[in-house]
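Notes to accompany the following structure.
Bear in mind that the values here come from a model prediction, so they are computed numbers and not experimental data.
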Amino acid sequence: MKPIKVVILGTESVGKSTMVTLLSNYFNGIPVYEVGRDVVEKSDECTYEDLIRIKYLHAEAILNAEEIKNKRYIFIDTDINITKSYSHFLFKRDLPVESEIENTNKADIYLYLDKDVEYVDDGTRLNLKDRNDLDTCHKFILYYSNIKCYHIKGSYKERFEKCVSIVSSFKNN
């Protein structure tokens with residue numbers, strides 16, 4: 001049986017990586033972490049060419065996770081839509097994406113973590129204003145791409161509980 005792919009989306013500093021870890025542990029799933037942090041140390045130093053690398057590396061990481069047998073869930077930190085959003089936000093440019101990359105990034109469930117938690121500047125992120133503007137850009141790209149997301153708000157504990165409830169109630173057709 002094909003695994004259920006769950007993508008965790010949101011702007012910077014909303015707990016996406018942590019949520020991927022928590023959900024993977026809870027559901028005994030496979031985590032796929034954002035490769036952008038491996039390519040770019042600081043968000044404001046990202047180049048357009050970095051985004052091109054990221055789109056390929058992230059798709060490769062998803063494909064590698066799909067090859068692991070006997071797992072019902074794959075939990076993915078961000079997707080190609082967020083990479084497209086960074087391209088618009090940072091460079092005012094479309095990021096061309098091949099259909100294979102689009103298909104690899106398609107998920108069964110999209111969970112969007114709202115920016116209603118404390119912003120933590122770890123030295124790699126955009127400043128607070130840009131982070132919040134990026135959130136608006138992400139939502140626009142997702143809307144434009146016709147991606148239907150569950151919007152998750154609240155404390156970290158409340159977010160986790162909401163995500164567990166949504167994933168648990170999903171019926172794989």
Side-chain angles (χ1 to χ4, degrees), residues 1-41 43 46-90 93-113 124-125 134-135 137-152 159-160 163-164 166-173:
M1 177 164 70
K2 185 179 136 195
I4 296 169
K5 289 168 45 174
V6 181
V7 174
I8 311 299
L9 304 167
T11 193
E12 297 185 351
S13 185
V14 294
K16 296 181 301 294
S17 299
T18 301
M19 187 63 71
V20 164
T21 299
L22 291 171
L23 291 172
S24 293
N25 290 340
Y26 184 87
F27 287 102
N28 190 27
I30 304 162
V32 176
Y33 294 101
E34 174 188 8
V35 299
R37 284 190 170 249
D38 298 331
V39 174
V40 179
E41 189 173 321
S43 293
C46 181
T47 67
Y48 184 77
E49 291 71 26
D50 289 333
L51 295 177
I52 293 170
R53 281 189 62 215
I54 289 166
K55 78 175 178 176
Y56 290 115
L57 291 171
H58 195 69
E60 182 181 337
I62 294 168
L63 288 171
N64 289 340
E66 288 176 339
E67 291 179 6
I68 299 171
K69 303 294 182 209
N70 302 319
K71 294 289 184 173
R72 179 151 187 212
Y73 298 99
I74 299 174
F75 295 95
I76 305 167
D77 182 345
T78 73
D79 77 346
I80 193 62
N81 294 294
I82 300 305
T83 309
K84 289 179 192 177
S85 178
Y86 270 95
S87 183
H88 279 273
F89 184 76
L90 296 173
R93 290 177 69 178
D94 284 338
L95 182 71
V97 178
E98 299 83 350
S99 60
E100 302 85 37
I101 302 267
E102 289 280 359
N103 290 335
T104 299
N105 277 268
K106 279 192 176 33
D108 300 294
I109 304 170
Y110 294 87
L111 304 171
Y112 194 95
L113 304 183
T124 68
R125 297 184 170 122
L134 180 62
D135 183 67
C137 188
H138 286 349
K139 289 175 180 174
F140 173 78
I141 293 292
L142 292 165
Y143 174 80
Y144 179 78
S145 300
N146 202 28
I147 303 295
K148 307 287 188 238
C149 300
Y150 293 93
H151 289 269
I152 311 296
R159 289 165 178 251
F160 175 69
C163 289
V164 166
I166 292 165
V167 172
S168 296
S169 68
F170 182 79
K171 303 296 183 223
N172 193 8
N173 299 334

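Rounding to the nearest 0.5 Å gives a distance of 12.0 Å between CZ of Arg159 and CG of Leu22. Taking CD1 from Ile109 and CD1 from Ile76, the interatomic distance works out to 11.0 Å, rounded to the nearest 0.5 Å. The line from OG of Ser87 to CG of Leu95 is 5.0 Å long, rounded to the nearest 0.5 Å. One finds the OG atom of Ser13 at 11.5 Å from the CG atom of Asp135 (value rounded to the nearest 0.5 Å). If you take CD1 on Ile4 and CZ on Phe170, they are separated by 5.5 Å, rounding to the nearest 0.5 Å. To the nearest 0.5 Å, atoms NZ (Lys139) and NE2 (His151) are separated by 6.5 Å.
Residues Ile62 and Lys5 are in side-chain contact: their nearest non-hydrogen atoms beyond the backbone lie under 4.5 Å apart. Within the 4.5 Å cutoff, the side chain of Asp38 has no heavy atoms near those of the Leu57 side chain. A heavy-atom distance below 4.5 Å is found between the side chains of Leu23 and Val164. Taking 4.5 Å as the limit, some side-chain heavy atom of Met19 sits within range of a side-chain heavy atom of Phe160. In this structure, Ile80 and His58 have side chains that are not in contact, with every pair of non-hydrogen atoms separated by 4.5 Å or more. Looking at heavy atoms from C-beta onward, Leu9 lies out of side-chain contact with His138 at the 4.5 angstrom threshold. Taking 4.5 Å as the limit, some side-chain heavy atom of Glu66 sits within range of a side-chain heavy atom of Leu63. At least one side-chain heavy atom of Val14 sits under 4.5 Å from a side-chain heavy atom of Lys16.
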Working note: Asn105 + Val97, criterion side-chain contact (heavy atoms from CB on, under 4.5 Å); need CA distance, chi angles, decisive distance, verdict.
CA-CA 11 Å; Asn105 277 268; Val97 178; over 6 Å; no
Mind running side-chain contact (heavy atoms from CB on, under 4.5 Å) on Asp79 and Ile147 for me, showing each step along the way?
CA-CA 11 Å; Asp79 77 346; Ile147 303 295; 5.5 Å; no
If you apply the rule side-chain contact (heavy atoms from CB on, under 4.5 Å), what do you find for Phe140 with Ser85, and how did you get there?
CA-CA 8 Å; Phe140 173 78; Ser85 178; over 6 Å; no
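For Tyr73 and Phe75, the ring centers are positioned less than 6.0 Å apart.
Other residues, nucleotides and ligands place more than 12 heavy atoms under 6.0 Å from the CD atom of Glu49. For Arg53, the CZ atom counts as loosely surrounded, since its 6.0 Å shell holds 12 or fewer non-hydrogen atoms of other residues, nucleotides or ligands. Other residues, nucleotides and ligands place no more than 12 heavy atoms under 6.0 Å from the CG atom of Asn70. More than 12 heavy atoms of other residues, nucleotides or ligands lie within 6.0 Å of OH in Tyr48, so this atom counts as buried by the packing criterion.
Heavy-atom minimum distance, Leu111 versus Val6: CD1-CG1, 3.7 Å. What you find for Leu90 and Cys46 is that their closest heavy atoms are CD1-CB, 3.9 Å. Ile74 approaches Pro3 most closely through the heavy-atom pair CD1-CG, 3.7 Å. Closest heavy-atom contact between Tyr56 and Glu98: OH-OE2, 2.6 Å. Here the closest heavy-atom approach between residue Val32 and residue Ala65 is recorded as CG2-CB, 3.5 Å. Contact record, Cys163 with Leu113: SG-CD2, 4.4 Å, taken as the closest heavy-atom pair.
Screening residues 25-36 for side chain to side chain donor-acceptor pair (under 3.5 Å), with sequence neighbours left out, gives Thr21-Tyr33, Asn28-Lys71.
Thr83 places no side-chain N or O within 3.5 Å of a backbone atom of Leu51 that could act as its donor or acceptor partner. With Asp50 contributing its side chain and Thr47 its backbone, the two residues share a donor-acceptor pair below 3.5 Å.
No donor-acceptor contact under 3.5 angstrom links the side chains of Tyr144 and Asn81, judged on distance only.
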